[in-house]
Amino acid sequence: MSVRVRFAPSPTGFLHIGGARTALFNWLYARHMGGQFVLRIEDTDAARNSQEAVDVILNGLRWLGLAWDEGPMTGDATGPCRGERGPYFQSQRRENYEKRVEALLSHDLAYERDGAIRFRMKREATVFEDLIVGEVRRELTDREEKDPDFVIVRSDGKPVFHLTNVVDDLEMGITHVIRGEDHLSNTPKHIALFEAFGVPAPHYAHIPLILNPDGSKMSKRDAGASLHTYLEEGYAPEAVLNYLSLLGWSPKDNREMLPVKEMVDLFDLPGVLRHNARFDLAKLQWMNGQYMAQLPGDRFHELCVHTLAKAGYDTNTYPLEYVKGALDTCYGKLKTFAELPAYAGFYFRDTVEFEPEAEEKAFTKENRPLLQRLREVYAGMEKWDVGHLEAKLKNTAGELGVKVGALVLPVRVACTGSRVGPSLYHLLEVIGREVALARLDGALARMPV
RNA sequence: GACCCCAUGGUCUAGCGGUUAGGACACCACCCUUUCACGGUGGUAGCCAGGGUUCGAGUCCCUGUGGGGUCGCCA
């Protein structure tokens, strides 16, 4: 039988980074086994759900490149879906649940009390084999010793998660349930329900959780918990995907950079680690830098423009060649696109914004005559290009008897306002003679005599 | 409180009875260099504790400790 796995998020308006990894592991397993990856939306809590909230999930998965074989095509619960086992929104499956509950009731496997319907749970330990955790033997908790039965339909008629989840997995033919470890303790309930419906339970694989750097549970409010922060800050999805794959799994050959294709080839459930992992933003950033440095030029430009636009820089008001030239000087220099506005914003501003420390270091009394002299040399240059800019600057430094760096710093700060930035000669060529000389003049005016 | 899972440097991990415990991120130093970043070289830092089993334990067993999770008419 072909493998069928599913990712079944609840539309809460955001996609948790841990949920994204759960989706990734499901997707990887499906691809590795040549099976089907199903997306199901668990939107039983209608009041809190919306089409926009579903779109957040859909967009997040699409951004990561995790295409689903079956499931919704839009955020509209009544809209088009792909696949034969729908509907793929729980809000559209009321009848399915009602029929199943009727069946349980008629076989006395469930009963009504206080208006709610409760499932008759067995009063003994459950043993099951988890593909990742191994054999799990779960005894009854003290509460369950008193009353192991649990509610499957609320008194207001709404079915409860445990019921809907099992019914859907059953009817959608799910063979492997790959989900967060927070469901491990719920699994006996689900197994009991499958047995009550007269079918064997699917295979289970509980993956460890992603924790905050301090080891606490990563909840909705924690920084970096939402996948969309990475989307919005201009991370490369390939980097996020690669980083996520290495949390709780390893290709075992000391490699960090792993193309998706190889991930699919190497991934398997028994290889998933059993312990929780902490989210390390620094490593994600490093990895993002690696991917950024090997991004195709046009893709790099696209993401740069996107980031700059979000920061308030409209690159459309500049000639295309200028924008391309400017962004080329940033290629391979950044770890994240979020650094770009501070790094290259000077290209797209009329005035230079000086960083106080930079100005203090560079605009000194001693540097004034040096910069003055260079300004004269540059003003008299015939060809304004990288080669000449560099040669002239080094020439002038020698002539003045100072180190190259002594000249580079004030020029850099004069033109960019910062001590860090793209290659000086390249950025000078890009901004052009007119702007460069104007900025040198502006700096000279600010320097103490 | 009961129940479940887990435990290799600060972080992610390799290891599956005999290793100088390997790699990556981060950090420190140096080199390269027009700054930063990249790259290169070197370095600091680890098997949670205590008992067993064994000729021999990071690897197997037990206990403790610590961390996480579950015990809802939330999902």
Side-chain angles (χ1 to χ4, degrees), chain A residues 8-12 42-45 48-49 90 113-118 125-126 130 132-134 136-146 148 150-162 164-165 180-189 206 208-209 211 213-218 243 246-257 273-287 289-290 292-293 330-335 339 343 358 362 389-390 393-394 397 403-409 411-413 416 418-428:
Chain A
S10 178
T12 56
E42 305 215 333
D43 59 341
T44 49
D45 193 356
R48 215 169 52 192
N49 299 321
Q90 290 193 331
R113 195 173 89 188
D114 301 334
I117 297 175
R118 295 162 56 90
T126 300
D130 187 283
I132 293 170
V133 182
V136 177
R137 178 187 178 82
R138 187 167 174 278
E139 305 286 346
L140 299 177
T141 66
D142 52 0
R143 286 179 68 115
E144 291 167 341
E145 288 283 4
K146 292 174 192 147
F150 59 94
V151 171
I152 53 175
V153 180
R154 288 179 287 218
S155 51
D156 65 2
K158 283 183 184 167
V160 168
F161 163 75
H162 299 301
T164 59
N165 192 263
E181 197 193 38
D182 47 341
H183 288 297
L184 189 60
S185 293
N186 290 148
T187 304
K189 289 177 180 162
H206 288 90
L209 305 180
L211 271 28
D214 69 358
S216 61
K217 186 185 180 185
M218 203 176 212
Y243 176 71
L246 262 26
L247 246 32
W249 179 75
S250 163
K252 299 192 190 302
D253 58 2
N254 284 340
R255 277 190 304 167
E256 310 291 327
M257 304 298 289
L273 276 308
R274 275 136 291 218
H275 59 267
N276 296 340
R278 302 186 190 204
F279 191 81
D280 183 7
L281 185 63
K283 184 153 184 178
L284 204 210
Q285 290 182 337
W286 166 79
M287 187 162 279
Q290 298 292 307
M292 276 177 75
C330 304
Y331 192 79
K333 309 274 281 185
L334 305 171
K335 280 187 184 171
E339 302 163 37
Y343 193 82
L389 286 162
E390 178 170 2
L393 186 142
K394 287 184 171 170
K403 288 182 180 173
V404 174
L407 221 40
V408 167
L409 179 67
V411 179
R412 173 180 294 286
V413 174
T416 71
S418 173
R419 293 166 69 187
V420 304
S423 160
L424 180 66
Y425 312 118
H426 289 82
L427 77 86
L428 285 173

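Order of the sequence lines sets the chain letters (A, B, ...), proteins ahead of strands, with each chain counted from 1.
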When the distance from [atom1] of [X] to [atom2] of [N] is rounded to whole Å, what number comes out?
X: A:Ile132; N: B:C4; atom1: CD1; atom2: C1'; value: 16 Å
X: A:Glu339; N: B:U35; atom1: CD; atom2: P; value: 18 Å
X: A:His275; N: B:C48; atom1: NE2; atom2: C1'; value: 14 Å
X: A:Asp130; N: B:G69; atom1: CG; atom2: C1'; value: 14 Å
X: A:Lys189; N: B:C3; atom1: NZ; atom2: C1'; value: 12 Å

Considering only heavy atoms from C-beta outward, does the side chain of A:Thr126 approach that of A:Leu140 to under 4.5 Å? no
Looking at [options], which one has an atom nearest to any side-chain atom of [X]?
X: A:Leu273; options: B:C4, B:U13, B:C71; result: B:U13
X: A:Glu144; options: B:C71, B:A14, B:C73; result: B:C71
X: A:Lys333; options: B:C3, B:C12, B:C36; result: B:C36
X: A:Leu184; options: B:C36, B:C4, B:A14; result: B:C4
X: A:Ser185; options: B:U35, B:U70, B:C6; result: B:U70
X: A:Lys252; options: B:A14, B:C4, B:C36; result: B:A14

Which letter, B, S or -, goes with each nucleotide of nucleotides 23-34 of chain B from 5' to 3', with contact meaning a protein heavy atom under 4.0 Å? BBBS-------B
A:Val160 vs A:Asp182, nearer the 5' end of RNA chain B by closest nucleotide: A:Asp182
A:Pro9 vs A:Trp249, nearer the 5' end of RNA chain B by closest nucleotide: A:Trp249
Distances under 3.5 Å between protein N/O atoms and the N/O atoms of nucleotides 61-68 of chain B, please, pair by pair.
| from | atom 1 | to | atom 2 | distance (Å) |
| --- | --- | --- | --- | --- |
| B:G68 | O2' | A:Asn276 | ND2 | 3.1 |

Polar pair under 3.5 Å, donor/acceptor by atom type, side chain A:Tyr243, base B:C12: no
Between the protein and nucleotides 42-46 of chain B, are there any N/O to N/O pairs under 3.5 Å, and if so, what are the atom names and distances?
none

